[in-house]
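Data block below; observations after.
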Protein chains: 2
Amino acid sequence: MVARATIEDVAREAEVAPSTVSLAFNDPERVRPATRARVLAAARKLNYRPSAIARRLVARRTDMLAVVVPNTRNPFFGKIFQGIDTEARRAGLDVMLFTTENDPDVERQRLEAVVRNRADGVILVGEHRKGPDPAADLLAELVAMGIQVVLVERQVPGIPSVWGQKREGCFQAVEHLIGLGHRRIAFIGGLLEQGGSYQRLEGYRRAMAAHGLEVRPEWVAEGGFSPAGGREAASRLLARHPELTAFVAANDLMAIGVLRALREAGRRVPEEASVVGFDDIPEAAFVVPALTTVDMPMERLGRRAMELMLRGLHGEGLDGVEEGLPTELRVRESTGPAPESGPTTGRGDG
Amino acid sequence: MVARATIEDVAREAEVAPSTVSLAFNDPERVRPATRARVLAAARKLNYRPSAIARRLVARRTDMLAVVVPNTRNPFFGKIFQGIDTEARRAGLDVMLFTTENDPDVERQRLEAVVRNRADGVILVGEHRKGPDPAADLLAELVAMGIQVVLVERQVPGIPSVWGQKREGCFQAVEHLIGLGHRRIAFIGGLLEQGGSYQRLEGYRRAMAAHGLEVRPEWVAEGGFSPAGGREAASRLLARHPELTAFVAANDLMAIGVLRALREAGRRVPEEASVVGFDDIPEAAFVVPALTTVDMPMERLGRRAMELMLRGLHGEGLDGVEEGLPTELRVRESTGPAPESGPTTGRGDG
DNA sequence: AGATAGGATCGAAACGTTTCGATAGGGGTG
DNA sequence: CACCCCTATCGAAACGTTTCGATCCTATCT
């Protein structure tokens, strides 16, 4: 293990002052070409790598960002991060990533780490349980400290945020089903107390209402955001409400579980029942039947969040910036005309 | 934006020396309880948060790790990172995450960033193209600088590494198929030039050979590591080699694509063809038919890598540590007895 | 009561940069 | 030929901690 060369070593080797070495690297115009060449040669010879740590201490900026996500095993967050990182790299920023496993206490710890590390900004991704944001006060503190905060798929008054238009997306999905003649449509959310599920549920309710369809509470079910959760919720619904002809799931993984539940119940898709998912994960188009789904622009969410972050760091005010990015319905094989058999529409509604 | 309180502000407020404040935080035993209380009160009052930056400059350690992955949209890497982060949090280390998009140049930049940031160690995840590792020399440099390097799903002589036993896993999968009577088995890899695909291919070859079965080069196909890649490769194989009765795919996403290709070709699974995937992603068990697959312990890989990292940082030598973590075959619905129809075994082999 | 040991606290140096005011040359102008 | 201005380079301070040797105080022992 060799002792690392410092800027002084390079200065000595190049026979200039340390400050000149610094200049040669950071403001090449201000140094004579010959001097610069000498410095670079010395640096190469000594294998010099400037210490970002030392630079950060003296500069007021760290050129370092923090991203806080619930986890990275869910590709939903992975894609968002990918978008963030792509833009961060372009901007020359280093990124620290923290996961919280959706635990508010861990989240607080992580945000504390953000300030310990003097990150220039933090992008906080993902929803919390319903109710007031448990991190709101801490976030306000960060803002007061001059740390730029941007939220993704999460909202706190006064803090800029980006999210996918889940309500609208779900509205559209349900309208698609209604257009196909479906009247008895189930909604299967993840944790309903989470904002995201709630927004989707809202979209479902509004679409039903907009077409004069009654929403029965017993048609709304809850399951984990997983295939197992979707399957279980769908099985329960199918057992108690065989009159249902369509299912809207809060994400594609759940929808895959729903497809399986239908298969196990002997209902063919799309002939005897329709299914819509959410997210458009890569396999959605390849599952049999291919899943009709609402495309969430996850990577774009990340990129957009980063753009806002950069604007904020640049000193532009981000007051009141709250952007909903549009989703898109991808119609594939898992939705079709409502079966004509079964109880009449009138009977089903009343 | 309030000026941040420094250790000196706290010292003044508590009427002690800065060094005492430091002691009160980092070595509480060495300070009188009353003093400590006074310091803590002052710190709280001033909302003091120690600067990790300044600490890093003076300490020889940064308590900061870097993780380099190809991307985070693939849950494969996401899960590995999750394992890493879980252990890192427990150890109180902060983690920087860098993505490379599998570009060797970007990878080098990222590794340069690692040394700029003076990370204590770096975990490098994921494969490169076949041939000598393009980062090998740079990695050696890092090691020489005293940066602990651990590899996951990648190997460089002299650097500790962890990986899933893909060769063995694939061997087992193929034996499973052979046990079901299959003789004409296809292998569909991702980029075959990548080590991971290559290892699986090796397992396939060995299993075939172990049972006296001929491996035909035309039964081996290549596609992207995606559902689309799997489907395409399988379609091609099916068109040219209808005699094939089983397909081993390099990951589950590809396997889902293969299932679709079979469906499109009118071959029922598992009655008329069997499919095995790799990874055991959450939806594998819920797809119809549920996918037989080889479980890769991704999160464990990450955790294990972190354990090695910690041992390394602790000064334990990691010379020659190269750990293969066992995979596990999960038999589900997509594999079944080889169809009796078709050409006889003898004819198929010769 | 005086010496001493030991614990608590202090002061200063060090970590490796950036930055800013100061200085030294060098060329042009009057 | 003297003066001035501009550019290239320099020197020193500052960033916020930790650490280590020095100092002070108190309690104990003789």
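In what follows, every chain begins at residue 1, and chains take the letters A, B, ... in the order their sequences are listed.
Rounded to whole Å, the distance from CZ on R36(B) to P on dT9(C) is 12 Å. What separates CD of E8(A) from C1' of dT18(C) is a distance of 13 Å, to the nearest Å. In this structure, CG of L57(B) is placed 14 Å from C1' of dT19(D), rounded to the nearest angstrom. Rounded to whole angstrom, the span from the CZ atom of R118(B) across to the P atom of dG16(C) amounts to 8 Å. As rounded to whole Å, 5 Å separates atom P of dT17(D) from atom CD1 of I7(B). Computed from coordinates, the R12(B) CZ to dC10(C) P distance equals 14 Å when rounded to whole Å. The distance from atom CG of L23(B) to atom C1' of dT19(D) is 9 Å, rounded to the nearest whole Å. Between the CZ atom of R55(B) and the C1' atom of dT18(D) there is a distance of 9 Å, rounded to whole Å.
In this structure, R60(A) reaches the sugar-phosphate backbone alone: every heavy-atom distance under 4.0 Å involves primed, P, OP1 or OP2 atoms, never a base. Contacts of Y48(A) with the nucleic acid, taken as non-hydrogen atoms under 4.0 Å apart, involve only primed sugar atoms and P, OP1 or OP2. S19(B) comes within contact range of at least one nucleobase, with a heavy-atom separation under 4.0 Å.
With 3.5 Å as the limit, one finds a donor-acceptor pair spanning the side chains of D120(A) and T62(A). Side-chain atoms of E322(B) and S161(B) form no donor-acceptor pair, as typed in the model, at a separation below 3.5 Å. In the model, E127(B) has no side-chain atom that pairs as donor or acceptor with a side-chain atom of Q155(B) under 3.5 Å. With 3.5 Å as the limit, one finds no donor-acceptor pair spanning the side chains of R49(B) and N117(A).
When the nucleotides dG16(D), dT17(C), dT18(D) are ranked by their closest atom to the side chain of S51(B), dG16(D) comes out on top. The listed nucleotides are dT18(D), dT18(C), dT17(C); the one nearest the side chain of N26(B) is dT18(D). Comparing dT19(C), dA8(D), dT17(D) against the side chain of R32(A) picks out dA8(D) as the nearest. Out of dT19(C), dC15(D), dT17(D), the shortest distance to the side chain of P50(B) is found at dT17(D). When distances are taken from the side chain of T20(A) to each of dT17(C), dT9(D), dC15(C), the shortest belongs to dT9(D).
The salt bridge (charged side-chain N to carboxylate O under 4.0 Å, His left out) test with D94(A) singles out one residue from R116(B), R110(B), R118(B), and that residue is R116(B).
Residue-to-nucleotide proximity on DNA chain C shows that, of T35(B) and A59(B), the 5′-proximal contact is made by T35(B). Between R30(B) and V58(B), the residue anchored closer to the 5' end of DNA chain D is V58(B), taking for each the nucleotide with the nearest heavy atom.
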